[in-house]
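Remarks on the structure that follows.
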2 protein chains.
Amino acid sequence: MAEALDEIDVRLLAELQADADRTNVELARLVGLSPAATLNRVRRLKASGVIRRVVARVDPAAAGFPLQVYVAVTLAGAAPRTSRAFEDEVRALPQVIAADWVAGETDAILTIVARDVADLKRVLSRLSLQGGQRLITYLRLEEIKPPSPLPVADPATATD
Amino acid sequence: MAEALDEIDVRLLAELQADADRTNVELARLVGLSPAATLNRVRRLKASGVIRRVVARVDPAAAGFPLQVYVAVTLAGAAPRTSRAFEDEVRALPQVIAADWVAGETDAILTIVARDVADLKRVLSRLSLQGGQRLITYLRLEEIKPPSPLPVADPATATD
DNA sequence: GATGAAATAGCATTTGC
DNA sequence: GCAAATGCTATTTCATC
């Protein structure tokens, strides 16, 4: 599907994951290409889906969501109808800001934000009603490491 | 610490979380302000820390990390020295792309990417050596809901 | 105290090489 | 991929509400 990423693509990805709030000219200097070539590469990375999107990361507490939790969910059965209903609920709840099916001790891991305890309670309740048989809630206390770039350029993880 | 966010700030945050890859002029049209006023507000949001940063979100698999896992960690004891050593290891491991202390069934939740099983094994091993007494690993199978904006403008979560 | 309009400098983007 | 050229945009300034 996708072309292999060369050295310069990897540098671009590293830079843009760290800080996408820079001009194309600056990016070009960082990777040692002309602005035109840089622009073409970045466009290709976006079009190919390697760069999924460029977004502002907002501080949840500062934006009015002091409660952030991870929730590990065990579904009530494996019937497609059950998981489908659960998926729909997850996508419909705006407080659920990320969710994945997983393999392990539970079926899904959700990331949820809430304005207060009542707000959180409402969300958990709705998840229960849509097949969430067991919800293990982890309240986020403190950040150890902020969301960080994929180590695309890290020698310790290099494959070649 | 921070000023209250008014209606327009909220709109800006919603737009920039959804897609920060737009010109200031376009953003200005979306919120109904002049480019100059829009620029001032966005700058303020960044300077105040409400917008933590603007980043490119990269597809992990496309970037060479087909394995993504959540790991719930129980520490070996609550001694400050233990948690400090663990924090240092987490920050030093590039494959750990996010980590938080939590309250609940475990002490911390980590998000980890790996190029292959050997790579993952190495990371888990190092976490064990730095106080990770019990590691519950959840292998990410499929995305239910992609990382999504905080529902800053959602009426269902409104406080006023 | 923040906004809008005008002006300048710089950038994004295109084209030809 | 580069260099030059064009049209927009970011950013500042300043008057204004």
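Each chain gets a letter, A, B and so on, in the order the sequences are listed, and its residues count up from 1.
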State yes or no: do B:Leu129 and B:Leu124 share one hydrophobic cluster built from I, L, V, M, F, W and Y residues joined by side-chain heavy-atom distances below 4.5 Å, directly or via other members? no
Taking only Lys NZ, Arg NE, NH1 and NH2, and the carboxylate oxygens of Asp or Glu, determine whether A:Arg53 and B:Asp19 approach each other closer than 4.0 Å. no
Residue set satisfying ring-ring contact (aromatic ring centres under 6.0 Å, His included) with B:Phe86, at least two apart, ordered chain then number -> B:Trp101
Distance, rounded to the nearest Å, where A:Arg44 contributes CZ and D:dG1 contributes C1': 10 Å
Nearest-Å distance, CG (A:Asn24) to C1' (D:dC2)? 14 Å
How close or far is atom P of D:dT9 from atom CG of B:Leu27, stated in whole angstroms? 13 Å
Regarding A:Arg43, tell me which of base, sugar-phosphate or nothing describes its non-hydrogen contacts under 4.0 Å with the strands shown. sugar-phosphate
First and last nucleotide of DNA chain C in contact with chain A, 5' to 3', at under 4.0 Å to a heavy atom: what are they? C:dC11 to C:dT14
Near DNA chain D, counting only heavy atoms under 4.0 Å, which residues of residues 33-40 of chain A show up? A:Leu33, A:Ser34, A:Ala36, A:Ala37
Paired with A:Val96, the side chain to side chain contact (heavy atoms under 4.5 Å, CB included) test is passed by just one of A:Val90, A:Val71, A:Thr111, A:Val113, namely A:Val90
Is the distance from OP1 or OP2 of D:dG1 to the nearest side-chain N or O of A:Arg41 less than 4.0 Å? yes
Basic-acidic side-chain contact under 4.0 Å: B:Glu15, B:Arg11: no
Apply salt bridge (Lys or Arg N to Asp or Glu O under 4.0 Å) to the pair A:Arg134 and B:Glu105, showing each step before the final yes or no. CA-CA 13 Å; A:Arg134 177 149 187 255; B:Glu105 291 203 355; 3.3 Å; yes
With a 6.0 Å cut-off (strictly less than), is the heavy-atom count around CZ of A:Arg57, excluding the residue itself, greater than 12? yes
Name every residue in residues 8-21 of chain B that has at least one heavy atom under 4.0 Å from any atom of DNA chain C, in order of residue number, or write none if there are no such residues. none
Would you sort out whether B:Lys46 and A:Asp21 count as a salt bridge (Lys or Arg N to Asp or Glu O under 4.0 Å), showing the intermediate values? CA-CA 11 Å; B:Lys46 286 172 182 167; A:Asp21 204 4; 2.8 Å; yes
Could you give the distance from CD (A:Glu143) to CD (B:Glu87), rounded to the nearest 0.5 Å? 11.0 Å
Applying side chain to side chain contact (heavy atoms under 4.5 Å, CB included), can you list everything that pairs with B:Ala114, at least two apart in sequence or on another chain? B:Leu67, B:Asp119, B:Leu120
Hey, what else clusters with A:Ile109 if you join Ile, Leu, Val, Met, Phe, Trp, Tyr whenever side-chain heavy atoms sit under 4.5 Å? A:Tyr70, A:Val102, A:Ile136, A:Tyr138, B:Tyr70, B:Val102, B:Ile109, B:Ile136, B:Tyr138
